[in-house]
Each structure stands twice: as structure tokens, then as C-alpha cells.
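Here's the structure we're looking at; comments come further down.
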Amino acid sequence: MQAVILVGGEGTRLRPLTYGTPKPMVPLFGVPFLERTLSRLKSAGVDHVILAAGYLPDAITRHLGDGARLGLKLTYVIEKEPLGTAGAIKNVEQYISGPFFVLNGDVLTSLDLRKMIEVHEKRGGLGVLHSIRVEDPSAFGCVVRDETGRVKSFIEKPPRETAPTDEINAGTYLLDPAVLEAIPKDTNVSIERATFPKLLAEGKALYAYLSDDYWLDVGRPDQYLKAHRDVLDRQLALDPLADPEMHRGAFIFAGAIGAPSNIEPPVFIGENVEIAPNAMVGPYTVLGDGTRIGPNVVVRGSVLWDGVHIEEGAHVTDVILASRVRVGKLAQVGAGTVAGHDQHVEPGTVVAPDSRLPATQAEQAAVAPT
Ligand code: GDD
Ligand code: MG
């Protein structure tokens with residue numbers, strides 16, 4: 001079985017994290033998000049994954065190589081210009097040899113992909129779309145279906161008041177290769193705005209598989225933080241302890257038992273982390289490998305990547321700090337702040353809530369549109 005993962009987006013909503021790291025390589029408990037998706041595909045019987053990439057592809061190929069480490073065959077297809085979600089699928093056509101999965105690269109879900117195969121075998125048609133219910137469908141593709149699951153219409157990101165349903169496109173499809181015939185070559189095409197509506201207008205059959213699985217698009221900072229919180233709360237079975245990748249010397253404090261007095265669980269701590277005895281870390285905090293937390297520091301509700309250093313007396317709450325960020329003595333970093341790689345917060349600074357502290361200028365220049 002084959003799967004295409006769409007990993008070519010620029011991850012603009014996750015900037016400045018995505019200046020230096022493409023969205024699929026953004027870590028979830030120290031492991032690139034994409035690697036977690038690949039493991040899920042592998043356990044559902046997928047053996048060949050085609051990565052439709054474009055933005056910072058080298059970071060992906062360098063880390064995953066030919067996929068042998070994960071027991072998968074990986075093929076990379078790099079777009080020179082973004083081809084859109086359908087254009088990117090058309091662009092990998094030569095590798096497709098039967099019904100195939102397509103996954104948005106930024107979705108964290110407990111969906112059992114085998115259920116999609118069952119629906120496809122039972123219903124036939126050109127494809128199955130995973131859908132879930134959300135409170136506000138306006139940020140997603142709305143999937144209107146009848147009682148048999150057949151999709152009646154697909155409306156991408158409608159204004160909230162006009163949304164026809166609360167059932168949305170969850171970003172996993174099982175498609176018949178015939179869908180490729182509906183997509184023009186070498187053209188930027190959106191599967192949500194063009195291909196699905198076109199197929200439906202032609203009377204082609206697509207089916208929705210509505211499930212109540214855990215589901216989250218991690219493409220925004222608040223959702224990225226929520227993903228970590230939900231895993232620490234064990235809302236989905238991405239149990240850091242059960243996952244061997246995760247076990248590499250890292251540990252998690254799920255409850256008060258065994259946690260030192262400077263840790264308030266649940267907290268995940270990477271390798272070679274130093275925490276001063278009178279610091280306070282947690283709850284809902286993730287410390288990447290090599291993090292150093294100084295005396296009298298308070299860190300709450302935050303995700304810190306590798307090599308972050310928080311100096312004496314600084315306070316950080318509900319923030320994301322990319323690799324090697326340094327927060328100076330007595331600085332305070334407000335909730336919702338996201339700091340890019342190597343950012344330094346000067347001692348004593350008060351950073352307003354929801355700030356975006358850019359990555360280094362060199363990194364920004366490397367990706368800034370000319
Ligand atoms: N290869 C490639 N080329 N990939 C792309 C391109 C492109 O030009 N544009 C976007 N992608 C990838 C992104 O990297 C991401 O993994 C996926 O396609 C979806 O793009 P997003 O930018 O994250 O879309 P969205 O979150 O606004 O909306 C999509 O996901 C929702 C669910 O999270 C749509 O599919 C919605 O219908 C859906 O509800
Ligand atoms: Mg998204």
C-alpha cells in the first residue's frame with residue numbers, strides 16, 4: 001500500500017519556528033512530527049511513502065534518508081514552485097500503482113487507516129475522505145454528506161455563518177488513481193477548492209468516513225502547544241513511555257509519584273537536561289535535550305526545543321522556544337510567545353504576550369521572498 005504525504009507548505013502560521021525547520025520536522029516530544037506520521041502509516045500496512053515536498057526539503061531528506069530505519073520505502077518528489085495540494089499529488093503520479101492514501105502533513109490523529117480501506121472496499125467510488133466534527137468549521141473544508149456517507153458537496157473554509165455542516169475534512173484521503181485524471185499537470189491546483197468540487201459536480205462518488213478519533217491540525221502555535229498537552233493528558237495513545245523512539249534516555253513525569261520537588265507533573269524531560277533545585281518546571285512542560293533551567297526560574301505550559309537556556313529568575317509561561325533560545329536573567333516571556341532558533345531575550349526584558357521573536361536574520365533572509 002502506498003501513501004502520499006503533503007509536506008510542501010511553508011508553515012507560515014508556525015513562523016518563526018518554520019524559518020529554520022520545515023513544518024513536518026517540527027518536533028513533537030523531540031521526534032519530528034513527520035516521523036510519527038510515518039510510524040502510523042507503517043503500522044497500518046503502508047510500505048511505500050511518497051513525500052511531496054518543496055519548502056526546505058533538505059532538512060527532511062537528511063533526517064529520513066531512504067526510510068530503511070523506519071522499515072519504509074521513501075520517495076521524495078520536490079516541487080520547484082508550490083503546486084498546491086492537488087498539483088502536488090498529480091506531480092507524483094508516476095509512482096502510484098493502485099489506491100493510495102493522501103495525508104496532510106500536519107495532522108495529529110488516532111485514526112485507524114484500515115477503517116478507510118474497509119469503507120472504500122464496501123462503498124467503491126473514487127475515494128474516501130476522513131471527516132470529524134468541530135465546533136468552528138470555518139477554518140477547514142466542510143464535507144456535506146448523505147446518510148450513506150456519500151459526499152454531496154465540499155466547501156473549503158466558508159465564512160462561519162454560512163458553513164453548511166460541522167463535519168470537516170480531516171486531511172486524510174484514500175483515493176483511486178482515477179482521481180489523478182481530474183488534475184491538470186504542472187499546474188498549481190487545490191484539491192479542496194478545485195478537484196473535489198469538480199469531481200462532485202461531475203457526479204463522481206466520494207465517501208466520507210466520519211469518526212470521533214482524536215484529531216488536531218498542529219499548524220498553529222496554540223494547537224502545537226495543545227498537542228503536547230493532550231499527549232501529556234493521555235488523550236491519545238502517543239504514549240511517550242510506550243514509544244521506543246521516545247524512550248532514548250528521556251523521561252516523563254505523569255503524576256506526583258517519583259517527581260522531584262522542582263517538577264510539577266505532567267512534564268516531559270529530554271536527555272542531558274539540567275534543572276536547578278529551586279526552579280519550578282511544569283505542569284504541561286516539555287524540555288528538549290540539553291536544556292538548562294537556572295535557579296529560581298519558573299517554566300509552565302511551555303515547549304522548549306533542544307539546547308534552550310533559561311537563566312536565573314526568568315519566568316516563561318505557555319510559550320514555544322525553538323532550538324538554542326536563551327532567556328536572560330529575570331526576563332519574563334508572556335504567554336503565547338513563539339521564539340525562533342537562537343533567539344536571545346536580554347536579561348530583565350519583559351516580552352509582551354503573543355510576541356513573535358524572529359529567527360536569526362540569516363535564516364529569515366534564506367527564505368524571505370525576493
Ligand atoms: N507538496 C505540497 N505543495 N504540499 C502542500 C502545498 C503545496 O503547494 N500546499 C500545502 N501543502 C501541504 C501542507 O504542508 C500541509 O501538510 C497540507 O498540504 C495542508 O496544507 P495547510 O496549509 O496546512 O492547509 P489547512 O490546514 O489550511 O487546510 C487543510 O487542512 C484542513 C485540516 O487540517 C485543508 O485540507 C482543509 O480542507 C482541512 O480541513
Ligand atoms: Mg494545516
Side-chain angles (χ1 to χ4, degrees), residues 3-15 17-18 21-26 32-34 36-38 41 49-57 59-61 75-93 95 101-109 111 127 129-144 151 153-158 160 163-173 175 183 186-197 200 206 208-211 213-224 226-227:
V4 178
I5 312 184
L6 300 171
V7 289
E10 291 185 14
T12 50
R13 287 163 289 188
L14 273 183
R15 284 177 183 167
L17 301 175
T18 44
T21 304
K23 187 160 65 168
M25 298 308 289
V26 163
F33 190 74
L34 177 59
R36 302 200 168 279
T37 305
L38 290 171
L41 286 169
V49 178
I50 301 140
L51 293 162
Y55 175 70
L56 301 179
I60 305 175
T61 52
T75 302
Y76 301 90
V77 180
I78 318 285
E79 292 151 46
K80 284 195 202 76
E81 297 294 330
L83 288 170
T85 43
I89 300 169
K90 181 72 176 178
N91 197 40
V92 308
E93 185 169 21
Y95 298 104
F101 287 111
V102 175
L103 280 77
N104 284 352
D106 56 359
V107 167
L108 178 63
T109 178
L111 166 71
L129 283 54
H130 178 218
S131 73
I132 51 126
R133 286 206 169 91
V134 294
E135 219 158 90
D136 175 10
S138 62
F140 303 103
C142 286
V143 181
V144 180
V151 179
S153 62
F154 189 108
I155 305 139
E156 182 69 6
K157 302 190 178 115
R160 191 169 186 171
T165 171
D166 61 354
E167 295 177 13
I168 61 118
N169 169 28
T172 302
Y173 322 122
L175 301 179
I183 310 170
D186 302 325
T187 313
N188 186 305
V189 186
S190 157
I191 199 163
E192 299 89 349
R193 294 182 194 277
T195 313
F196 288 147
L200 295 169
L206 295 171
Y209 168 63
L210 178 69
S211 84
D213 283 293
Y214 179 88
W215 185 89
L216 188 71
D217 178 328
V218 298
R220 276 192 348 224
D222 56 336
Q223 293 156 322
Y224 178 72
K226 181 170 163 32

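Only this structure's heavy atoms are used, side chains among them; waters, hydrogens and symmetry mates stay out. Atoms within a ligand are numbered from 1 in the order they appear, just like the ligands themselves.
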Checklist entry - Just which atoms of ligand 1 are under 4.0 Å from any heavy atom in Leu83? => result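 Within the 4.0 Å cut-off of Leu83, ligand 1 contributes 8 (O).
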Checklist entry - Going by the order shown, which atoms of ligand 1 are within less than 4.0 Å of some heavy atom of Glu156? => result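 Listed by number with element, the hits are 28 (O), 34 (C), 36 (C), 37 (O).
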Item to check | Tyr173 contact mode with ligand 1 (heavy-atom cut-off under 4.0 Å) | outcome: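 Within the 4.0 Å criterion, Tyr173 contacts ligand 1 through side-chain atoms alone.
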Next on the checklist: Can you tell me which portion of Leu6 lies within the under-4.0 Å heavy-atom range of ligand 1? Options are side chain, backbone, both, or neither.
Outcome noted: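 Contact part for Leu6 vs ligand 1: both backbone and side chain.
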With nothing but distance in play, are any N or O atoms of [X] less than 3.5 Å from an N or O of ligand 1?
X: Thr85; value: no
X: Pro82; value: no
X: Ala170; value: no
X: Gly171; value: no

Item to check | Close side-chain approach of Thr18 to Thr12, heavy-atom, < 4.5 Å | outcome: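 Side chain of Thr18 against side chain of Thr12, heavy atoms only: no contact under 4.5 Å found.
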Checklist entry - Does ligand 1 have an atom that lies less than 4.0 angstrom from a heavy atom of Trp215? => result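 In this structure, Trp215 qualifies as a contact of ligand 1 - some heavy atom is under 4.0 Å.
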Checklist entry - Within less than 4.0 angstrom of ligand 1, does Phe196 place any heavy atom? => result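 So Phe196 does not count as touching ligand 1.
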Next on the checklist: Below the 2.8 Å mark, what number of protein N, O or S atoms do you get around the Mg ion (ligand 2)?
Outcome noted: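 Total protein N/O/S atoms under 2.8 Å from the Mg ion (ligand 2): 2.
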Among [options], which one puts a heavy atom closest to [atom]?
atom: atom 9 (N) of ligand 1; options: Ala139, Pro57, Gly9; answer: Gly9
atom: atom 24 (O) of ligand 1; options: Arg13, Gln223, Arg220; answer: Arg13
atom: atom 7 (C) of ligand 1; options: Gly84, Pro24, Ala88; answer: Gly84

Next on the checklist: Test of understanding: with side-chain hydrogen bond (donor to acceptor under 3.5 Å, both in side chains), list the residues that count as partners of Tyr214, not counting sequence neighbours.
Outcome noted: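 So Tyr214 forms a side-chain hydrogen bond (donor to acceptor under 3.5 Å, both in side chains) with Asp230.
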Item to check | Test side-chain hydrogen bond (donor to acceptor under 3.5 Å, both in side chains) applied to Thr195 - qualifying residues, sequence neighbours left out | outcome: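 Counting only residues at least two positions away or on another chain, Thr195 forms no side-chain hydrogen bond (donor to acceptor under 3.5 Å, both in side chains).
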Checklist entry - Just by distance, with hydrogens left out, do Glu192 and Ser190 show a side-chain donor and acceptor under 3.5 Å apart? => result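 Looking only at side-chain atoms, Ser190 and Glu192 do form a donor-acceptor pair, the distance falling under 3.5 Å.
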Checklist entry - Just by distance, do the side chain of Asp213 and the backbone of Trp215 share a donor-acceptor pair under 3.5 Å? => result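 No, Asp213 side chain to Trp215 backbone: no donor-acceptor pair under 3.5 Å.
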Next on the checklist: Among all the protein's heavy atoms, is there at least one whose distance to atom 39 (O) of ligand 1 comes out below 4.0 Å?
Outcome noted: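 Looking at atom 39 (O) of ligand 1, one finds that a protein heavy atom does lie closer than 4.0 Å.
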Item to check | Pairing residues for Phe33 by the ring pair (Phe, Tyr, Trp, His ring centres under 6.0 Å) criterion, not counting sequence neighbours | outcome: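 Once residues adjacent in sequence are excluded, Phe33 has no partner under the ring pair (Phe, Tyr, Trp, His ring centres under 6.0 Å) criterion.
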